[in-house]
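Before any comments, here is the structure.
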Amino acid sequence: MVIVNLQLKIKSEKREEFLVWFKDLLPDTRNYDGCSELNLCSLASEPDAVDVISKWESQEKYDAYLAWRDEDGTLATLGNFVSADPAFRFLTVDQEF
């Protein structure tokens, strides 16, 4: 199992538009093969930061999902909202309690 932390820096003037657009994507992400949990998070200390925390059966399943999002144009559209390249952190779950 892997936890994926996608860290996004959103253009201030695009934040509300981004949130509406992005929230529409979340049900398909959550229902994608291999996704067992999905959370959209914000940081009070960084209003333009948005983190997406998701749990996947494997990094391979996440990679397949990301390829699908690339093919359907989602990643290109995401580029219109971000002020920096997205950062990905992949955390392998060694033990779950």
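Connection of Leu43 to Val52 is not established within any shared hydrophobic cluster, with ILVMFWY side chains joined at heavy-atom distances below 4.5 Å, either directly or through further cluster members. Under the 4.5 Å side-chain contact rule for hydrophobic residues, Met1 and Leu6 do not share a cluster. Neither Ile53 nor Leu40 shares a network with the other; the hydrophobic side chains, linked directly or stepwise wherever heavy atoms of I, L, V, M, F, W or Y lie under 4.5 Å apart, form separate groups for each.
The two residues Lys61 and Gly34 have their closest heavy-atom pair at CD-CA, 3.8 Å. When every heavy atom of Ala64 is checked against every heavy atom of Tyr32, the shortest pair comes out as O-OH, 3.5 Å. Heavy-atom minimum distance, Pro47 versus Arg15: O-NH1, 2.9 Å.
Scanning for side-chain hydrogen bond (donor to acceptor under 3.5 Å, both in side chains) contacts around Asn5 gives Gln7, Asp51, with sequence neighbours left out. In this structure, the side-chain hydrogen bond (donor to acceptor under 3.5 Å, both in side chains) partners of Glu60, at least two apart in sequence or on a different chain, are Ser58. Residues satisfying the side-chain hydrogen bond (donor to acceptor under 3.5 Å, both in side chains) criterion with Tyr65, sequence neighbours excluded, are Thr29, Arg69.
Within the structure, side chain to side chain donor-acceptor pair (under 3.5 Å) pairs that include any residue of residues 36-48 comprise Lys9-Glu46, Ser12-Asp48, Glu37-Asn39 (at least two apart or interchain).
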Could you go through residues 84-97 and list every donor-acceptor pair under 3.5 Å that involves a side-chain atom there, pairing it with any protein atom two or more places apart or in another chain?
{"residue": "Glu96", "atom": "OE2", "partner": "Lys55", "partner atom": "NZ", "Å": "2.8"}

Can you give each donor-acceptor pair under 3.5 Å made by side-chain atoms of residues 16-28, sequence neighbours left out, with the distance rounded to 0.1 Å?
none

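With rounding to the nearest 0.5 angstrom, the OH atom of Tyr62 is 13.0 Å from the CD1 atom of Ile3. A distance of 11.0 Å separates CG of Leu78 from CG of Asp70, quoted to the nearest 0.5 Å.
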